[in-house]
Visitor: 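One structure follows; several queries about it will come next.
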Amino acid sequence: MKIAVCDDCYEDALLLKTFLDGHDVRIYTDAAQLLADAENSHILFDLYLLDIYMDDAMNGIELAKRLRLQDEDAALCFISSSDVFYREAYDVYAMQYLIKPVDAEMLEQLIKRVSRNIVRNKEQSLCYKWRGQAGAIPYGQILYISSREHTLYIHCKDGRVQECKGKLEEMARQVCGEVFFRCHQSFIVNMYQADRWEGNELVVAGRRVPVSRRYYTEVKRRYQEILFEEVD
């Protein structure tokens with residue numbers, strides 16, 4: 001796995017690297033240099049471990065927002081001595097927020113989770129047909145699927161909404177399992193894209209997906225399983 005560690009304290013960055021033995025790790029002590037590599041040289045990583053408090057003009061949150069523009073699929077994890085920016089971390093869809101000094105076991109759990117997501121996203125795709133054209137969308141690109149009348153709408157991370165003919169019941173039989181769950185009469189959700197649970201809704205990339213009473217128990221169970229999946 002390719003991992004970027006960005007921390008203006010070289011000793012802290014080096015300590016993280018010792019926990020990441022066996023991975024391709026590059027240390028940055030300058031946020032601007034990491035961003036330049038991404039924007040100008042297209043050097044991208046599978047996982048970014050970003051310190052929030054840095055002496056640069058750009059803190060870890062701002063850096064993450066800029067990195068998201070270059071690589072929307074990359075896994076982001078913030079490293080901080082405080083949880084002050086915990087809410088902002090959700091806004092850039094960070095996978096985890098670790099408090100210094102970082103616990104090696106928690107970091108290992110994060111690596112396992114990211115590795116599983118990489119494999120899952122590469123191996124599985126949803127196939128569709130629309131107006132005589134066929135295509136496929138990787139599972140990792142799909143946020144949720146909605147239905148209206150006899151048309152399905154595949155909502156993607158890049159903002160695209162791919163239409164296809166069909167019934168949600170048939171789509172559910174095709175894709176539902178560990179990744180996708182039926183959560184409503186008109187919705188199937190990618191459980192790995194859910195940011196949080198609020199009331200009777202899942203928040204997915206800032207969008208609210210309803211969870212009906214019929215599916216509530218099973219969806220909540222799967223949501224909680226995924227939250228703690230990395231400790232298995």
Side-chain angles (χ1 to χ4, degrees), residues 46 64-65 68-76 87 89-96 113-230 232:
D46 300 309
K65 291 178 180 178
R68 270 279 177 253
L69 297 177
Q70 303 301 315
D71 187 3
E72 64 177 17
D73 294 324
L76 299 174
R87 179 62 184 82
Y90 270 109
D91 293 338
V92 291
Y93 314 123
M95 288 192 71
Q96 199 154 340
R113 184 180 177 191
V114 174
S115 297
R116 284 196 293 265
N117 285 348
I118 290 172
V119 172
R120 181 184 301 112
N121 293 343
K122 286 182 178 179
E123 289 184 346
Q124 297 177 288
S125 293
L126 186 156
C127 298
Y128 66 88
K129 291 183 179 180
W130 178 245
R131 294 178 178 174
Q133 301 294 319
I137 305 174
Y139 277 13
Q141 291 294 319
I142 300 171
L143 299 173
Y144 61 92
I145 303 165
S146 62
S147 172
R148 188 169 64 247
E149 297 180 348
H150 297 295
T151 302
L152 301 177
Y153 301 87
I154 306 169
H155 301 258
C156 303
K157 291 175 66 176
D158 61 6
R160 176 167 62 108
V161 180
Q162 175 62 56
E163 298 180 35
C164 65
K165 287 294 182 182
K167 298 180 180 179
L168 201 67
E169 189 70 33
E170 295 173 355
M171 179 64 76
R173 285 197 292 267
Q174 177 186 339
V175 304
C176 285
E178 293 187 354
V179 179
F180 290 96
F181 258 59
R182 183 81 175 266
C183 62
H184 186 275
Q185 180 180 350
S186 302
F187 290 88
I188 294 172
V189 66
N190 184 337
M191 297 299 296
Y192 285 91
Q193 298 297 332
D195 299 317
R196 60 187 182 276
W197 186 292
E198 291 187 357
N200 294 323
E201 297 175 319
L202 284 169
V203 180
V204 184
R207 310 172 200 182
R208 295 182 177 274
V209 178
V211 180
S212 67
R213 183 179 301 177
R214 177 181 178 183
Y215 301 101
Y216 186 94
T217 300
E218 281 303 302
V219 174
K220 189 65 175 287
R221 177 190 60 78
R222 183 59 181 145
Y223 175 77
Q224 292 174 335
E225 282 180 352
I226 291 173
L227 282 182
F228 299 101
E229 192 174 73
E230 64 268 24
D232 294 341

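Computed from a predicted structure; not experimentally measured.
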Visitor: If you take all heavy atoms of Ala75 and Val114, which pair is closest and at what distance?
Guide: CB-CG2, 3.9 Å
Visitor: I would like to know whether Gln162 and Ile142 meet side-chain contact (heavy atoms from CB on, under 4.5 Å); could you show each step before the answer?
Guide: CA-CA 10 Å; Gln162 175 62 56; Ile142 300 171; over 6 Å; no
Visitor: Any chance you could measure His184, atom NE2, to Ile188, atom CD1, to the nearest 0.5 Å?
Guide: 12.5 Å
Visitor: Locate the shortest heavy-atom distance separating Pro138 from Ser125; write the atom from each residue and the value.
Guide: CA-OG, 3.6 Å
Visitor: Only pairs at least two apart or in different chains count here, so list each salt bridge (Lys or Arg N to Asp or Glu O under 4.0 Å) that has a residue in residues 127-143.
Guide: none
Visitor: Roughly how far apart are Lys167 NZ and Leu152 CG, rounded to 0.5 Å?
Guide: 11.0 Å
Visitor: Listed by chain and number, what are the side-chain contact (heavy atoms from CB on, under 4.5 Å) partners of Arg173, not counting sequence neighbours?
Guide: Glu169, Glu170
Visitor: Can you name the nearest heavy-atom pair linking Ser186 to Leu168, along with the distance?
Guide: C-CD2, 3.3 Å
Visitor: For Glu163, what residues pass the salt bridge (Lys or Arg N to Asp or Glu O under 4.0 Å) criterion, not counting sequence neighbours?
Guide: none
Visitor: Is it true that a side-chain atom of Asn200 and a backbone atom of Val211 form a donor plus acceptor pair closer than 3.5 Å?
Guide: no
Visitor: I need the minimum non-hydrogen distance between Tyr144 and Arg207, along with the two atoms involved.
Guide: OH-CD, 3.8 Å
Visitor: Could you tell me which non-hydrogen atom of Arg222 sits nearest to which non-hydrogen atom of Tyr192, and how far apart they are?
Guide: NH2-OH, 2.9 Å
Visitor: Of all residues at least two apart in sequence or in a different chain, which pass the ring pair (Phe, Tyr, Trp, His ring centres under 6.0 Å) check with Tyr216?
Guide: Trp197
Visitor: Salt bridge check, Arg221 against Glu225: does any charged N sit closer than 4.0 Å to a carboxylate O?
Guide: yes
Visitor: Output the distance between atom CG (Leu76) and atom NZ (Lys65), rounded to the nearest 0.5 Å.
Guide: 12.5 Å
Visitor: Considering residues at least two apart in sequence or located in another chain, which fulfil the ring pair (Phe, Tyr, Trp, His ring centres under 6.0 Å) criterion with Phe180?
Guide: Tyr139
Visitor: Taking only residues two or more places apart in sequence or in another chain, which ones pass side-chain contact (heavy atoms from CB on, under 4.5 Å) with Glu198?
Guide: Arg196, Val203, Arg208
Visitor: Can you list everything that forms a salt bridge (Lys or Arg N to Asp or Glu O under 4.0 Å) with Arg214? Sequence neighbours excluded, please.
Guide: none
Visitor: To the nearest 0.5 Å, how far apart are CG in Leu202 and CG in Leu143?
Guide: 12.0 Å
Visitor: Tell me whether Lys220 at atom NZ has more than 12 heavy atoms from other residues, nucleotides or ligands lying less than 6.0 Å away.
Guide: yes
Visitor: Evaluate the criterion side-chain contact (heavy atoms from CB on, under 4.5 Å) for residue pair Val219 and Met191; output intermediate values, then yes/no.
Guide: CA-CA 8 Å; Val219 174; Met191 297 299 296; 3.9 Å; yes
Visitor: To the nearest 0.5 Å, what is the distance between SG (Cys176) and CZ (Phe181)?
Guide: 7.5 Å
Visitor: Determine, step by step, whether Leu126 and Ile145 satisfy the side-chain contact (heavy atoms from CB on, under 4.5 Å) criterion, reporting the C-alpha distance in whole Å, the side-chain angles of both residues, the deciding distance to 0.1 Å, and the verdict.
Guide: CA-CA 11 Å; Leu126 186 156; Ile145 303 165; 3.7 Å; yes
Visitor: Just to verify, what does Lys165 make a side-chain contact (heavy atoms from CB on, under 4.5 Å) with, not counting sequence neighbours?
Guide: Trp130, Thr151
Visitor: Write out all pairs satisfying salt bridge (Lys or Arg N to Asp or Glu O under 4.0 Å) with one or both partners inside residues 142-157, taking only residues at least two apart or from two chains.
Guide: Asp73-Lys157
Visitor: Give, for atom OH of Tyr128 and atom CD of Gln133, the distance between the pair rounded to the nearest 0.5 Å.
Guide: 9.0 Å
Visitor: Can you list everything that forms a side-chain hydrogen bond (donor to acceptor under 3.5 Å, both in side chains) with Ser146? Sequence neighbours excluded, please.
Guide: His155
Visitor: Could you work out, with side-chain contact (heavy atoms from CB on, under 4.5 Å) as the rule, every residue matching Cys156, not counting sequence neighbours?
Guide: Ile137, Ile154, Asp158, Arg160
Visitor: In chain order, what residues pass the side-chain hydrogen bond (donor to acceptor under 3.5 Å, both in side chains) check against Gln174, with sequence neighbours excluded?
Guide: none
